[in-house]
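Just so you know, ligand 1 is whichever comes first in the structure, and atom 1 is the first atom listed for that ligand.
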Amino acid sequence: MVMTATKTKWVYLFREGSGDQKDLLGGKGAGVAEMTRAGMPVPPGFTITTEACRQYYADGRKFPQGLWEQAQEALKDVEKATGKGFGDANNPLLVSVRSGAKFSMPGMMDTVLNLGLNPETLGGLERLTGDERFALDAYRRFVQMFGKIVKGIEGDIFEEALRGAKKLAGAKTDPELTPADLRQIVEVFQAIYRDHTGEAFPTDPMAQLRAAIEAVFSSWNTDRAIAYRRAERIADDLGTGVNVQTMVFGNMGEGSGTGVAFTRNPITGANELYGDYLVNAQGEDVVAGIRDTEPIASLKKRLPAVYKEFEQYARKLESHYKDVQDLEFTIERGKLYMLQTRNAKRSGEAAVKVAVAMHKEGLITREQAVARVEPRQLEQLLHPRVDPNVKEKPIGKGVPASPGAATGQAVFDADTAEEWGKLGRAVILVRVETNPADVHGMIAAKGILTSTGGTASHAALVARGMGRPCIVGANQIDVDLRAREFSSNGTTIKQGDEITVDGTTGNVFSGKVTTIEPKPSAEFNTLLSWADKIRRLEVWANGDYPRDAEKARANGAQGIGLCRTEHMFMEEERLPIVQAMILAETTEEREKHLAKLLPLQRSDFNGILKAMKGLPVVIRLIDPPLHEFLPNREELVRETTELRITKKKAKRLAEAEKLLARVEQLSEANPMLGLRGVRLSILYPEITRMQVRAIIEAACDLKKKGIDARPEIMIPLVGHINELRSVKAELEPVAKQVQKEKGVQVHYKFGTMIEVPRAALTAGEIAKDAEFFSFGTNDLTQTTFGYSRDDAEGKFIGRYLEQKILPRNPFETIDSGGVARLMGIAVKEGRAARPGLEVGICGEHGGDPESIKICHDLGLDYVSCSPYRVPVARLAAAQAVVAEGSTSR
Ligand code: ADP
Ligand code: MG
Ligand code: MG
């Protein structure tokens, strides 16, 4: 152990590294190494490895043994390469100390520029450049950055002081400040530093360097860096590299400048050099947005030779990396320096366009093109979006939970949303949070905004399932449900006021802002057609209405994996019948009400089966506990009490009392584990008999019209084979009877959901009676973990994720250790008992790319997801194949 500790190579000169060492050197370090290797003009420097950063944390925030010595050694090499000396008053070497992890985390970690300045080297810099003002400006920036980044002094304090000094000097912009002003500002900044740290600003360049390296290590674990990693699913244990690099100066007059450029347009994907240039400025000015930049094309006019050289490097780097590069460069007195190259972050639109174009240009294979696009990015392309060029400023921001933009009048309760929606008004439902009682309002709303909750909250899930734009956790928004208004950053929005929510960015706007309609591009269709050729999994969609089925088909779905029938019970004109049916005291009476529901259900099924003609439609028989169809208990208690006191409306009182008695009778301690699913069919077989009749009648009617309807009847929540047998014995005769009555035979199946562990574990038995399986992974996750989802997500999953007790929210991505294992058993034993058994998944996981990979690996036949996510799933299913490396080129 001691051996390795002393021998570990913690430091690599740029010329020693290479582009494929992102793990060790970080993305930035690997990039500069690769450019150095390719002979491009990169200011000399060295990289401290990510391994050193990991060791630093492992050792309790101490430099690993040998690191500092190796860094000093490398610095000597840099001095030799540049002919300058670190701390040399006559010819000072200044460096930048830059963070850089394996995956780029833009703006998350910090960089210190101009390090090595002190009163002596400042003099040297003045003499060498003959520019006192420049040198003082560099010093000013250094003190500020060092104070802020290394010592954690709030940046605003320096900015405030700078503003004050400018005002005093009568200067509007930084360049108007004289050397004398700057000298003064440096002194003020150093005084701020002393006040906050209790020590003098360090003059020893070595001490500065050591502190800056340590600060970069520390910046790996700032709150914002941790939050970013969580959002981007980057592991917390990678660590960052530290790049120490010779400074070059873009702020040495008109022949100098700095810029960032993309080898292709990262917003549209167009094949053009795209970026910003700032004349006479240092790199951080471009990013900070302090001064208005010029488009990169202006460099072509100002310094044509430099532009040409840069263009050439850009092209070379792109074809080397075979991907769009994000480049940083600086021009010091007419000489170009390359400071960074990395794979560019891009919009969904650009991602698709670039992937397809690069294949057509022969840079990458189809498989690579398909693997290149982040599946979630496709979703962004399918929803209307706020035009990225709008001038309006958002009034608030939350967590983007379901993409797309919507404009409408703010409403604060679900009933109003529904009422106004029926009048044809566009509404946005604004709540603190939502729960199942709000669903009718969510359906009626064009968009949803909540002030609490995360991406896994009820609002987020439901909105995504419905394809409604949604923002959650907008905590600057103060919702007053009683007053029916919210205020956000000084703006008050009352009920009826128009707002726009952009669920792609999380921005909330007052009023209407311009949106753009998505129109899948030719490239989008091309990419998906490639994905379709590659993938093995079929992609089906969940949908309850014909309109869902149409959307699903348009997006390429190959079946309906889950059609829930209970939504059909909730609709306004039906609910009273459903309630009467539940209140019925005898089976006969219940059947009377069910007879009224039959034609309604039949027409529902007719619509969806027709829309999906030729393709399978899995229809799930009634699943939720019956009390969900009855009014809320508290409300009934209130109503009956009121009516008793006022002694008016005796008839209504009697009704309400009856309802209340039934609600109380039906109430359960644990409805999720109570009388629902197949258990309902066993206690009230007449309900599901009616449903099966409606399904088969609809299918027969269609068949007679020459339409190929393919219903698959799914029995939920089976845990024991006898449950399935008992229900099938009730239902199968109904199906036969209907066909006899109608005089046609239709294609149908009886199958079951696998959503409790016992079903998975006894799948071999169950498959004898089930013609298909569909994993209900939401319930399967709940029952495998013993969590109730709402309680878990509301109370403890957040903490579990923070403390890494769970690696992932198992309700978002299938738990690979437990739930996936049960699924594996069910697939294997089910297919052993019934060869060719159709197996799919209809839980929300069916649209999650990582879960889709698990389903692919388990050998499922299809995944089923929200119609809007079908393209996402098609791509993810193809990527699962590419990841396997099993396709031919
Ligand atoms: P980020 O990852 O946030 O882009 P960087 O380490 O790239 O951080 O640095 C921030 C800014 O400082 C960039 O504009 C970069 O060009 C500039 N910069 C970094 N190192 C140097 C250097 N050696 N000489 C001149 N400018 C530099
Ligand atoms: Mg950078
Ligand atoms: Mg279920």
ask   = Does T111 bring an N, O or S atom to under 2.8 Å of the Mg ion (ligand 2)?
value =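 Under 2.8 Å: T111 has no N, O or S contact with the Mg ion (ligand 2).
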ask   = Do we get R229 above W220's six-membered ring, with its NZ or CZ under 6.0 Å from the centre and within 45° of the axis?
value =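 Pair R229/W220 counts as cation-pi.
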request  = Specify side chain, backbone, both or neither for T246, according to which of its non-hydrogen atoms lie closer than 4.0 Å to ligand 1.
outcome  = backbone
task = Heavy-atom distances under 4.0 Å are what count here, so tell me which part of E328 touches ligand 1: side chain, backbone, both or neither.
result = side chain
Side-chain contact, heavy-atom cut-off 4.5 Å: [X] with [Y]?
{"X": "N251", "Y": "F134", "answer": "yes"}
{"X": "Y337", "Y": "M40", "answer": "no"}
{"X": "V399", "Y": "I471", "answer": "no"}

key: Min heavy-atom dist Q282 to ligand 1 below 4.0 Å   =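 Distance cut 4.0 Å: Q282 fails for ligand 1.
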ask   = Name of the E328 N, O or S atom nearest the Mg ion (ligand 2)?
value =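 Looking only at N, O and S atoms of E328, the one nearest the Mg ion (ligand 2) is named OE2.
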If we count only N and O atoms by modelled type, under 3.5 Å, do the side chains of [X] and [Y] hold a donor and an acceptor together?
{"X": "R372", "Y": "N343", "answer": "no"}
{"X": "N280", "Y": "S256", "answer": "no"}
{"X": "R342", "Y": "Q325", "answer": "no"}

State the atoms of ligand 1, each with its element, that fall below the 4.0 Å cut-off from a heavy-atom position in [X].
{"X": "V248", "value": "24 (N), 25 (C)"}
{"X": "T111", "value": "5 (P), 6 (O), 8 (O), 9 (O)"}
{"X": "K28", "value": "1 (P), 2 (O), 5 (P), 6 (O), 7 (O), 8 (O)"}

query = Can you check whether S96 has an N/O within less than 3.5 Å of an N/O in ligand 1?
reply = yes
inquiry  = When you compare ligand 1 with Q340, is there at least one nitrogen or oxygen pair between them that comes in under 3.5 angstrom?
reply    = yes
